[in-house]
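Structure, as structure tokens:
Residues: numbered from 1 along the sequence shown.
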Amino acid sequence: MKNIHNFLKYTFISFCLSIVLVFGITNCKSKPDKAQQIINESIKAHGGEHYDQLKVSFDFRDKHYKIDKDGDQFTYIRIGKDTSGNEIKDVFSNEGLIRFVANKQIELADSMAKKYKNSINSVVYFALLPKPLNDEAAIKTYLGEGQIGADHYHKIKVTFQQENGGKDHEDEFVYWINKATNLMDYFVYSYKTDGGGIRFRERIKSQSVAGVRFQDYINYAPIDSTYSLQDFDIAFSEGKLREFSRIENLNLKVDF
């Protein structure tokens, strides 16, 4: 009788533990990762579903850009001029890249086509932040909280898988997401190309076009290289950065 009682007792305990374990795992899986949840809220604050159907144009430095997005389908156009004054038009879409010089299509070596695609994609990527942070290759990690001035921030680190991460998959980013507004006010990144380096960006202007928030920045370079990426809020607050350039999207408008 005692053995039967012990058997039933341990069977009941095992059953209870199983229920706790199953529900615990289910609950863990049902809770979004904190970094992902914060990025989702930031994307929503910057434009949300408006990113999926977007037609805008703007001038960046000496070139004109057009962004046409329809779900997973995209066409990015860059228009500039060569040294002879001829118009150069690059059309980058899901189908690849085509270059026109003086309205005539020209053949491109694969290496040059890749170079132009990377260049266009870089401008579009930064213009559409934080939406690209939900790309498949992006790996997001919550670093904790920080403060710049009177504002409090979540700090999110973003790295990239090599597969689908592009030529700059070794780059690392840290984003400061405002806890009160969910807006992306600052970010810093380290890059390997062209000798490598670090840049920190401070938002200085925002404008909403077609329901999407576009931002201009002051681009800083570090004076003191002893700070880790996640501590650049401290470096910025302590005046350890120097202005390097301005990132400004001019004549931004809806493009039909």
| Min side-chain heavy-atom separation L54-V56 under 4.5 Å | yes

| message | Centre-to-centre under 6.0 Å for Y220 and F244, is that the case here? | response | no

| 4.5 Å side-chain heavy-atom contact, I247 and Q215 | no

| request: State yes or no: do F236 and I223 share one hydrophobic cluster built from I, L, V, M, F, W and Y residues joined by side-chain heavy-atom distances below 4.5 Å, directly or via other members? | output: no

| message | If you define the side chain from C-beta out and look only at heavy atoms, does anything of V209 sit under 4.5 Å from F214? | response | yes

| task | Determine whether R99 and K89 make a side-chain contact, defined as any pair of heavy atoms from C-beta on separated by less than 4.5 Å. | result | no

| said: As an exercise, state the distance from CZ of F74 to CG of N121, rounded to the nearest 0.5 Å. | reply: 7.0 Å

| message | Applying side chain to side chain contact (heavy atoms under 4.5 Å, CB included) to S42 and L183, what does each step give before you reach the verdict? | response | CA-CA 6 Å; S42 186; L183 296 176; 5.8 Å; no

| For H46 against N182, the heavy-atom pair lying closest together | CD2-O, 4.3 Å

| task | Provide the closest heavy-atom pair for H50 versus G211 in the form atom of the first, atom of the second, distance. | result | CD2-O, 3.6 Å

| Atom pair OG (S245) and CZ (R61), whose distance is rounded to the nearest 0.5 Å | 5.0 Å

| field | Spacing of Y51 atom OH and I67 atom CD1 [to the nearest 0.5 Å] | value | 10.0 Å

| query | Between Y191 and F173, is the gap from one ring center to the other below 6.0 Å? | reply | no

| Does R201 make a cation-pi contact with F126 (under 6.0 Å, within 45 degrees of the axis)? | yes

| query | Do S237 and I234 come close enough that some side-chain heavy atom pair is under 4.5 Å? | reply | no

| Under 4.5 Å between side-chain heavy atoms, hopping through other hydrophobics if needed: is there a path connecting M184 to Y142? | yes

| query | What is the distance from atom CD of Q73 to atom CG of D52, rounded to the nearest 0.5 Å? | reply | 12.5 Å

| Cluster question for you: counting only ILVMFWY and a side-chain heavy-atom cut-off of under 4.5 Å, with indirect links fine, are F60 and I79 together? | no

| task | Measure the spacing between CD of E248 and CG of N219 and express it to the nearest 0.5 Å. | result | 11.0 Å

| field | Same cluster (ILVMFWY, side-chain, under 4.5 Å), L129 and I38 | value | yes

| message | Run the side chain to side chain donor-acceptor pair (under 3.5 Å) test on D185 and Y153 for me, step by step, so that the C-alpha distance in whole Å, both residues' side-chain angles and the decisive distance to 0.1 Å come before the verdict. | response | CA-CA 9 Å; D185 291 341; Y153 293 90; 2.9 Å; yes

| field | salt_bridge(K155, E145) N-O dist < 4.0 Å | value | no

| Yes or no on side chain to side chain donor-acceptor pair (under 3.5 Å) for S119 and R78, after CA distance, side-chain angles and deciding distance? | CA-CA 10 Å; S119 176; R78 179 177 66 183; 2.9 Å; yes

| message | Donor-acceptor pair, distance only, cut-off 3.5 Å: does the side chain of D255 make one with the backbone of K66? | response | no

| request: Determine, step by step, whether F100 and V91 satisfy the side chain to side chain contact (heavy atoms under 4.5 Å, CB included) criterion, reporting the C-alpha distance in whole Å, the side-chain angles of both residues, the deciding distance to 0.1 Å, and the verdict. | output: CA-CA 8 Å; F100 299 88; V91 181; 4.0 Å; yes

| Under 6.0 Å from the NZ atom of K157, do we count more than 12 heavy atoms belonging to anything else shown? | no

| request: For I204 and R246, work out which heavy atoms get closest and say how close. | output: CD1-NH1, 3.6 Å

| Okay, side chain of D90, backbone of I120: is any donor-acceptor separation there less than 3.5 Å? | no

| task | Search all heavy atoms of L133 against all heavy atoms of K140 and return the closest pair with its distance. | result | O-NZ, 2.7 Å

| Is it true that V188 and I139 fall in one hydrophobic cluster, defined by side-chain heavy atoms closer than 4.5 Å? | no

| said: Within the supplied structure, the quantity of interest is the number of heavy atoms (other residues, nucleotides, ligands) at a distance under 6.0 Å from D224 CG; does it exceed 12? | reply: yes

| Residues, nucleotides or ligands: over 12 heavy atoms within 6.0 Å of E243 CD | yes

| said: Using the ring centroid of each side chain, check whether F200 and W176 are separated by less than 6.0 Å. | reply: yes

| said: Checking side-chain polar atoms at under 3.5 Å, does R213 have a donor or acceptor matched by the opposite partner on S208? | reply: no

| query | Between F232 and Y186, does the ring centre distance come in under 6.0 Å? | reply | no

| said: Between S93 (side chain only) and E95 (backbone N and O only), is there a donor and an acceptor less than 3.5 Å apart? | reply: yes

| said: Please report whether the ring centroid of Y116 lies less than 6.0 Å from that of F92. | reply: no

| said: Using the rule given for side chain to side chain contact (heavy atoms under 4.5 Å, CB included), can you reason through L143 versus V174, listing the C-alpha separation, both sets of side-chain angles and the distance that settles it, and then say yes or no? | reply: CA-CA 9 Å; L143 297 179; V174 176; 4.1 Å; yes

| said: So does K114 get a backbone contact from the side chain of N118, meaning a donor-acceptor N/O pair under 3.5 Å? | reply: yes

| Nearest atoms (heavy-atom pairs only) where Y125 meets P132 | CE1-CB, 3.3 Å

| message | Distance alone, cut at 3.5 Å: any donor-acceptor contact between the side chains of N134 and Q36? | response | yes

| query | Side-chain contact, heavy-atom cut-off 4.5 Å: Q230 with I156? | reply | no

| query | Within a strict 4.5 Å, meaning less than it, do heavy atoms of the H64 and F58 side chains meet? | reply | no

| field | Worked check of side chain to side chain contact (heavy atoms under 4.5 Å, CB included) between D70 and Q53 | value | CA-CA 5 Å; D70 184 3; Q53 304 285 333; 2.7 Å; yes

| request: Evaluate the side-chain proximity of K240 to P222: yes if any heavy-atom separation is below 4.5 Å, no if none is. | output: no

| said: What's the separation between atom NZ in K63 and atom CD1 in I77, rounded to the nearest 0.5 Å? | reply: 15.5 Å

| said: With a sphere of 6.0 Å drawn around CG of D82, does it hold more than 12 non-hydrogen atoms of other residues, nucleotides or ligands? | reply: yes

| remark: Minimal heavy-atom distance between L128 and K69, with the atoms involved, is CD1-CD, 3.9 Å

| field | Heavy-atom neighbours of D72 CG exceed 12 at 6.0 Å | value | no

| task | Look at the side chain of N178 and the backbone N and O of T181, then say whether any donor-acceptor pair between them is shorter than 3.5 Å. | result | yes

| query | Do Q147 side-chain atoms and G149 backbone N/O form a donor-acceptor pair below 3.5 Å? | reply | yes

